[in-house]
S.K.: 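Sharing a structure here in structure tokens format.
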Amino acid sequence: MAFVEFLARWFHVLAGVVWIGMLYYFNFVQGEYFKTAEAAAKADATAKLVPRALGWFRWGALVTFLTGLYLLHGVGKSMNTFIVLGALMGFLMFLNVWLVIWPAQKVVIGRRDGDVAKSASRALLASRTNTLFSLPMLWGMLGSKNGIYDPNLLQPVNFSDTGFLTAVGIIAALEI
């Protein structure tokens, strides 16, 4: 079982790097390029590059999510506030990828009919939300094992704790 957990952790980290790397690519590189690209270059990139990048993006998200579920199951009762908040943010980010960004991007790249401008705007908002969530989510993952500055924080999660409920409320408000 230790080897299976090792593989799950390895693929969780590897797929997470792919997923978040692609997220940052879309938000900080591709988006800026598309603002200044000539129409022909933008059309070529949209037809050839974007679908491939979106494939890596969404499948990276899926593998990260599935391996994360497996790892959470292994953590069991020793879950702490950090991992619960990190997992919650990761779960919402995963849902954004598959239920908001990918359906909207299918319109943008011409695989589905719809309002391209509205779809692009919707995908951008969900993508920016994921970018906003990415660092606190990573903090939660790292803090779940390390306690980040305060080892007393590694206590099992208390779902009635004011700080925890406040963090969940902020996450919910941002997601809405």
S.K.: Are the side chain of Ser134 and the backbone of Thr131 linked by a donor-acceptor contact shorter than 3.5 Å?
M.R.: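 Flag set: sc Ser134 to bb Thr131 pair under 3.5 Å.
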S.K.: Give a yes or no answer on whether the side chain of Trp98 reaches the backbone of Arg58 with a donor-acceptor pair at less than 3.5 Å.
M.R.: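 Such a contact is found between Trp98 side chain and Arg58 backbone.
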S.K.: Could you go through the side chain to side chain contact (heavy atoms under 4.5 Å, CB included) check for Tyr24 and Val29 one step at a time?
M.R.: CA-CA 7 Å; Tyr24 282 37; Val29 178; over 6 Å; no
S.K.: If every non-hydrogen atom of Ile20 is compared with every non-hydrogen atom of Met137, which pair is closest and at what distance?
M.R.: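 Here Ile20 and Met137 meet closest at CD1-CE, 4.3 Å.
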S.K.: Determine whether Phe133 and Leu23 make a side-chain contact, defined as any pair of heavy atoms from C-beta on separated by less than 4.5 Å.
M.R.: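 No; the side chains remain at least 4.5 Å from each other.
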S.K.: Between Asn130 and Met93 (side chain of the first, backbone of the second, donor and acceptor by atom type, cut-off under 3.5 Å), is there such a pair?
M.R.: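 Side chain of Asn130 to backbone of Met93, a donor-acceptor pair under 3.5 Å: yes, one is there.
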S.K.: Between Val100 and Leu95, is any pair of side-chain heavy atoms under 4.5 Å apart?
M.R.: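 Heavy-atom side-chain distance check fails, nothing below 4.5 Å.
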S.K.: What are the two closest non-hydrogen atoms of Ala87 and Leu72, and how far apart are they?
M.R.: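 Distance-wise, the nearest heavy atoms are CB-CD1, 3.7 Å.
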S.K.: Residues in side-chain hydrogen bond (donor to acceptor under 3.5 Å, both in side chains) with Tyr33, at least two apart?
M.R.: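 By the side-chain hydrogen bond (donor to acceptor under 3.5 Å, both in side chains) rule, Tyr33 matches no residue at all.
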S.K.: According to the side chain to side chain donor-acceptor pair (under 3.5 Å) rule, which pairs have a member within residues 100-116, sequence neighbours left out?
M.R.: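 Found none.
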S.K.: Is there a side-chain contact between Val97 and Trp19, using heavy atoms and a 4.5 Å cut-off?
M.R.: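 Yes, close enough: below the 4.5 Å cut-off.
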S.K.: Evaluate whether atom OH of Tyr70 has more than 12 neighbouring non-hydrogen atoms of other residues, nucleotides or ligands under 6.0 angstrom away.
M.R.: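 Yes, because the 6.0 Å sphere around OH of Tyr70 holds more than 12 heavy atoms from other groups.
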S.K.: Backbone N or O of Ile109 within a donor-acceptor pair of the Thr46 side chain at under 3.5 Å?
M.R.: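 No; judged by distance alone, with no hydrogens or angles, the pair does not exist.
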S.K.: I need the Lys42 NZ to Thr36 OG1 distance, nearest 0.5 Å.
M.R.: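 Taking NZ in Lys42 and OG1 in Thr36, the distance rounds to 10.0 Å.
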S.K.: Can you confirm whether Phe91 is buried at CZ, in the sense that more than 12 heavy atoms of other residues, nucleotides or ligands lie under 6.0 Å from that atom?
M.R.: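 Counting other residues, nucleotides and ligands, CZ of Phe91 stays at 12 neighbours or fewer.
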S.K.: Which heavy-atom pair separates Ala104 from Ser119 by the least distance, and what is that distance?
M.R.: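 Distance-wise, the nearest heavy atoms are CB-O, 3.3 Å.
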S.K.: Does any N or O in the side chain of His12 come within less than 3.5 Å of the main-chain N or O of Thr67, such that one atom is a donor and the other an acceptor?
M.R.: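 No; zero donor-acceptor contacts below 3.5 Å.
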S.K.: So which of Phe26, Tyr25, Phe94 actually passes ring pair (Phe, Tyr, Trp, His ring centres under 6.0 Å) with Phe57?
M.R.: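 Going through the options one by one, the only one that passes is Phe26.
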S.K.: Do Glu5 and Arg9 pass the side chain to side chain contact (heavy atoms under 4.5 Å, CB included) test, and can you show the C-alpha distance, the side-chain angles, and the key distance before you say yes or no?
M.R.: CA-CA 6 Å; Glu5 184 178 331; Arg9 192 169 307 279; 3.0 Å; yes
S.K.: Applying side-chain hydrogen bond (donor to acceptor under 3.5 Å, both in side chains), name anything that partners Glu38, two or more places apart in sequence or on another chain.
M.R.: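 Glu38: no side-chain hydrogen bond (donor to acceptor under 3.5 Å, both in side chains) contacts found.
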S.K.: Does any N or O in the side chain of Asp44 come within less than 3.5 Å of the main-chain N or O of Ala40, such that one atom is a donor and the other an acceptor?
M.R.: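 It does not hold such a pair.
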